[in-house]
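Let me begin by presenting the structure, written as structure tokens, before commenting on it.
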Amino acid sequence: MNFSEVFKLSSQLCKFSPDGKYLASCVQYRLVVRDASSLQILQLYTCVDQIQHVEWSADSLFLLCAMYKRGLVQVWSLEQPEWHCRIDEGSAGLVASCWSPDGRHVLNTTEFHLRMTVWSLCTKSVSYIKYPKACQQGVSFSRDGRYLALAERRDCKDYVSIFVCSDWQLLRHFDTGTQDLAGIEWAPNGCVLAVWDTCLEYKVLLYSLDGRLLAAYCAYEWSLGVKAAAWSPSSQFLAVGSYDGKVRVLNHVTWKVLAELGHPAAVSDSRVVVYKEAEKSPRGSLGRPACPPHRAAESRYEVAEVPVSLQTLKPAADRANPKIGIGALAFSADSCFLATRNDNVPNAVWVWDVRKLRLFVVLEQLGPVRAFQWDPQQPRLAVCTGGSKVYLWSPAGCVSVQVPGEGDFQVLSLCWHSNGDSLALLGKDHFCLCFLETEDGGGSALGPPGSLT
Amino acid sequence: MGDWMTITDPGLSSESKNLSQYTSETKMSPSSLYSQQVLCSSIPLSKNVHSFFSAFCTEENIEQSISYLDQELTTFGFPSLYEESKGKETKRELNIVAVLNCMNELLILQRKNLLAQENVETQNLKLGSDMDHLQNCYAKLKEQLETSRREMIGLQERDRQLQCKNRNLHQLLKNEKDEVQKLQNIIASRATQYNHDMKRKEREYNKLKERLHQLVMNKKDKKIAMEVLNYVGRADGKRGSWRTGKSEARNEDEMYKILLNDYEYRQKQILMENAELKKVLQQMKKEMISLLSPQKQKPRERADDSTGTVISDVEEDPGELSRESMWDLSCETVREQLTNSIRKQWRILKSHVEKLDNQVSKVHLEGFNDEDVISRQDHEEETEKLELEIQQCKEMIKTQQQLLQQQLATTCDDDTTSLLRDCYLLEEKERLKEEWSLFKEQKKNFEKERRSFTEAAIRLGLERKAFEEERASWLKQQFLNMTTFDHQNSENVRLFSAFSGSSDQDNLTAHSRPRQKPHGVSNGAPVCSSKFTKSLPASPSTSDFCHTRPCVSEHSSSINVLNVTPEEAKPNRAGRECASQKWSVASRPGSQDGCCSGCSLTYTNSHVEKDDLP
């Protein structure tokens with residue numbers, strides 16, 4: 001495992017291009033495009049203000065930089081550095097900007113969600129979509145880029161509009177039986193749209209592409225409901241994490257629950273392996289490490305004896321957005337594993353075996369888990385906790401890796417390269433790349449449990 | 001005493017004598033007797049009892065005393081103290097013997113009474129102690145009763161308290177439930193209120209938004225614009241198309257195409273899965289059949305044949321369809337067939353496994369019954385050990401026997417050996433005797449048989465003689481006829497003469513026939529039947545019989561040659577039947593001439609016998 005040198009970064013804006021060739025990162029108002037393998041700077045663009053959002057077009061030819069404060073979007077071309085495009089939303093303001101899947105349209109959402117503007121880079125045409133709903137996840141493009149599903153709110157009712165992305169024609173428009181729609185997401189095959197209600201009510205609705213309601217699911221009433229949902233890459237399963245600390249896996253044939261995966265703080269199943277991160281204190285027990293997070297001592301994983309009770313957080317019940325329930329969940333690329341995080345057990349990542357629908361591994365970290373992401377190529381999970389380490393898990397085992405470099409480098413977020421060979425570790429002001437050799441000798445990216453690199 | 005006072009009413013007192021007599025006779029308890037005495041003696045001695053006891057008899061009142069005593073004693077049933085009066089005039093004499101007897105008896109009575117009194121006293125004591133014990137018991141029980149009563153009261157109190165508590169808890173629960181209901185109602189009302197508020201706010205918000213929209217959008221905002229250096233081409237290289245109805249329809253089409261593709265894909269997957277599952281099912285079925293069929297042949301032939309036939313039926317049914325077509329045919333019938341057959345076999349397998357389980361458990365149970373927790377291995381080990389021990393013991397016994405024999409051979413004197421030999425001889429003699437008796441019996445049987453045989457032989461001889469005579473006469477006649485009419489038959493004649501002339505053959509047949517006859521004729525006779533059932537290997541009859549057979553056949557052949565009758569040409573009769581026909585045919589000429597009916601009978605009978613034998 002090799003680490004690149006540390007580069008400057010602002011707002012954790014660092015993206016690999018979809019084709020995997022480039023890496024774009026933002027430093028204040030500058031956009032830097034590097035070669036993803038050599039990290040040589042290929043292009044450098046200067047925007048008018050501090051960049052708040054950056055996004056690659058699907059064909060990796062254009063880059064979009066949004067400056068919400070200014071209500072401005074600047075688009076850069078990689079092929080023609082002199083080409084530029086500047087979209088000003090004016091007094092309407094800007095809260096979100098994204099590419100359409102064809103990479104020739106920019107979708108801007110104005111302040112107060114007054115409307116959505118579709119700017120075309122090919123023609124002068126501009127389209128407006130009224131009444132977009134201000135919600136967690138109100139826009140979803142199908143994986144093949146053909147359709148856009150958009151949550152709308154009109155007359156105190158939720159609607160979903162499905163647009164054809166090629167000509168922005170409205171294909172279907174239907175109201176959903178939700179109190180207050182919170183999110184929509186296409187299944188990877190683009191045929192089923194999952195819609196879930198606000199956290200006040202547990203409700204998951206599944207719509208076909210043609211607007212038919214396929215199924216409605218409600219696990220319980222009178223309690224906080226869905227917190228997160230994720231499709232498996234095979235479109236076979238929809239995992240719904242909720243505030244009761246459970247993940248419910250729905251199947252794609254009957255849309256009934258296949259399994260209820262509870263996240264109790266006590267793990268008692270003897271088949272489950274619990275990896276516990278343990279600090280390796282070279283000075284022994286006497287000298288406690290002076291300031292634990294900085295220049296932290298190396299850590300390693302230990303396999304804990306099975307009846308394990310994990311550290312739990314007592315949530316503040318009188319605050320909004322309590323830290324309970326399943327806040328993050330993701331399927332591995334082969335749909336074989338599901339990683340989840342229960343927000344009131346912040347230090348743990350649960351990894352479930354989807355084939356057996358039971359708990360497989362629990363990783364208990366020393367700090368609260370900030371982010372985790374699956375390798376897009378193989379069942380390999382990268383986890384970061386805001387410390388100077390990155391953790392990798394695969395069915396073969398689990399490692400904790402210290403990020404080298406002077407100063408403290410706190411890994412707040414991470415993202416995988418599309419081929420799974422490298423991993424960008426994003427800190428507050430810096431980022432670095434972590435290269436995982438897979439074949440040649442040093443491939444100890446994942447040694448046996450407990451080993452450390 | 002009171003009782004007595006009441007009893008002595010005038011009627012009774014008049015007969016007090018009788019009564020006292022009666023009481024004395026019935027040997028009442030001494031106390032009552034005493035009271036009786038007192039009662040009786042109270043009349044004359046009521047004045048001075050003390051003097052009576054102190055000086056009953058004085059010099060002057062001897063006579064009176066005696067008479068009084070006599071009187072008293074007689075009332076108690078003793079014999080009189082006086083001698084039998086011979087005459088009225090003579091004064092009665094005191095009978096010393098009687099007095100002494102009386103005294104003795106009285107003494108005995110006294111002793112008896114004393115004994116009885118003692119008994120009664122001890123009994124009284126015992127009863128007293130019993131009484132005490134019972135009283136103790138009573139007291140104890142009373143105490144116990146008291147305590148239990150107290151306990152009961154305590155328990156009742158507790159029960160009451162608990163009930164009270166329960167009631168309270170119920171009340172609390174009810175309250176809580178009410179509370180919950182109330183809270184739920186509140187929640188619901190709040191929710192509705194919240195929703196209502198939300199809606200209101202949202203409407204307001206919408207209004208504001210609308211307003212804002214108008215303000216922001218309607219005003220020609222110069223700022224809202226896109227500056228592009230030059231427009232770029234579309235990613236797919238095509239030009240943008242106009243939005244028309246056509247494009248709409250095209251979009252629809254595309255959407256449905258996508259949906260259809262998805263469904264097709266899923267259907268394909270499901271089909272594949274189905275095929276896979278079917279394959280597995282088929283394989284399972286095959287394996288089941290192979291698993292079940294061998295055992296069906298072996299242990300199930302008795303009762304479970306039905307299941308076996310089921311298996312074979314099932315096996316054949318799908319076999320009619322070819323395998324490939326079965327896969328593709330997912331229609332109801334095939335599926336049903338398949339599942340049914342699998343289910344049936346599964347049931348069979350299950351029952352079989354259950355049976356095995358039962359057996360195993362039974363064995364286990366037996367094992368547990370026999371030796372509490374001794375495992376099978378231990379058991380086997382134990383048996384092995386025991387067997388080894390037995391072997392050793394046997395060897396020991398053998399060696400001991402040998403040693404003993406050696407000792408006997410060396411140390412025993414002649415007497416003992418002779419004695420031993422005698423012993424053996426005696427044994428042997430006994431056995432021989434038994435055998436002898438057996439032999440004798442057999443011999444007797446043989447004798448009996450022989451007698452019957454000889455009788456039969458004699459009879460046969462007689463018959464034969466008659467037959468011979470008749471034949472001779474018949475031959476004579478024939479001869480005469482032939483010589484007169486036909487010369488062709490001369491050969492026959494010659495044959496006949498040869499036949500009759502061959503004495504040894506004739507003898508043989510003659511010899512065989514009488515032997516044979518009793519078998520046939522007296523088949524039901526006890527002697528013969530017993531002989532046959534016994535079928536002693538060396539019995540003469542069977543050997544004779546075996547001997548006769550070729551003769552008979554010879555005979556028949558000769559007769560065949562002799563009688564060329566039209567009936568012999570019947571070809572469709574074969575084997576034994578044919579032979580019997582021949583026999584009957586052979587007998588016919590004789591019967592035609594009214595002779596040798598007996599002979600024919602013999603033949604047929606012998607034939608029957610021959611049939612029976614194998």
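Numbered from 1 within each chain, the chains take letters A, B, ... in sequence-line order. Atom set for the values below is all heavy atoms of this structure, side chains included, hydrogens, waters and symmetry mates excluded.
Note: B:Lys199 leads B:Lys199, B:Gln184, B:Met198 in heavy-atom pairs under 4.5 Å with chain A. Chain B forms the most heavy-atom pairs under 4.5 Å with one residue out of A:Lys130, A:Glu82, A:His105, A:Arg154, and that residue is A:Lys130. Ranked by heavy-atom pairs under 4.5 Å with chain B, the first of A:Thr110, A:Leu171, A:Leu61 is A:Leu171.
Of the atoms belonging to A:Ser77, not a single heavy atom falls under 4.5 Å from chain B. Only the side chain of B:Ile187 comes within contact range of chain A, judged by heavy atoms closer than 4.5 Å. With a 4.5 Å cut-off on non-hydrogen atoms, B:Asn261 does not touch chain A at all. Neither the backbone nor the side chain of A:Ile162 comes within contact range of chain B; no heavy atoms are under 4.5 Å apart.
Separation of atoms OH (B:Tyr265) and CG (A:Asn189) is listed at 9.0 Å; rounding is to 0.5 Å. Rounded to the nearest 0.5 Å, atoms CG (B:Asp262) and CG (A:Leu209) are 9.5 Å apart. Going from atom CD of B:Gln214 over to atom CG of A:Leu114 covers 11.0 Å, rounded to the nearest 0.5 Å. With values rounded to the nearest 0.5 angstrom, A:Asp88 atom CG is found 7.5 Å from B:Glu227 atom CD. Atom CZ of A:Arg153 is separated from atom CD of B:Glu202 by 4.0 Å, given to the nearest 0.5 angstrom. Between atom SG of residue A:Cys156 and atom NE2 of residue B:His196 there is a gap of 10.5 Å, rounded to the nearest 0.5 Å.
Closest of all the heavy-atom pairs between B:Lys209 and A:Phe112 is CE-O, 3.3 Å. Of all the heavy atoms in A:Tyr147 and B:Asn251, the pair that sits closest is OH-O, 4.4 Å. Of all heavy-atom pairs between B:Val228 and A:Trp83, the closest is CG1-CZ2, 3.7 Å. Counting all heavy atoms, side chain and backbone alike, B:Tyr231 lies closest to A:Leu121 at CD2-O, 3.2 Å. The minimum heavy-atom distance between A:Asp210 and B:Tyr256, with the atom names listed, is OD2-CE2, 3.9 Å.
Counting heavy atoms from C-beta outward, A:Val164 and B:Met255 have side chains that stay 4.5 Å or more apart.
Panel note: side chain B:Arg266, backbone A:His252; a donor-acceptor pair is recorded below 3.5 Å.
Environment of CG in A:Asp49: crowded, with over 12 heavy atoms of neighbouring residues, nucleotides or ligands closer than 6.0 Å.
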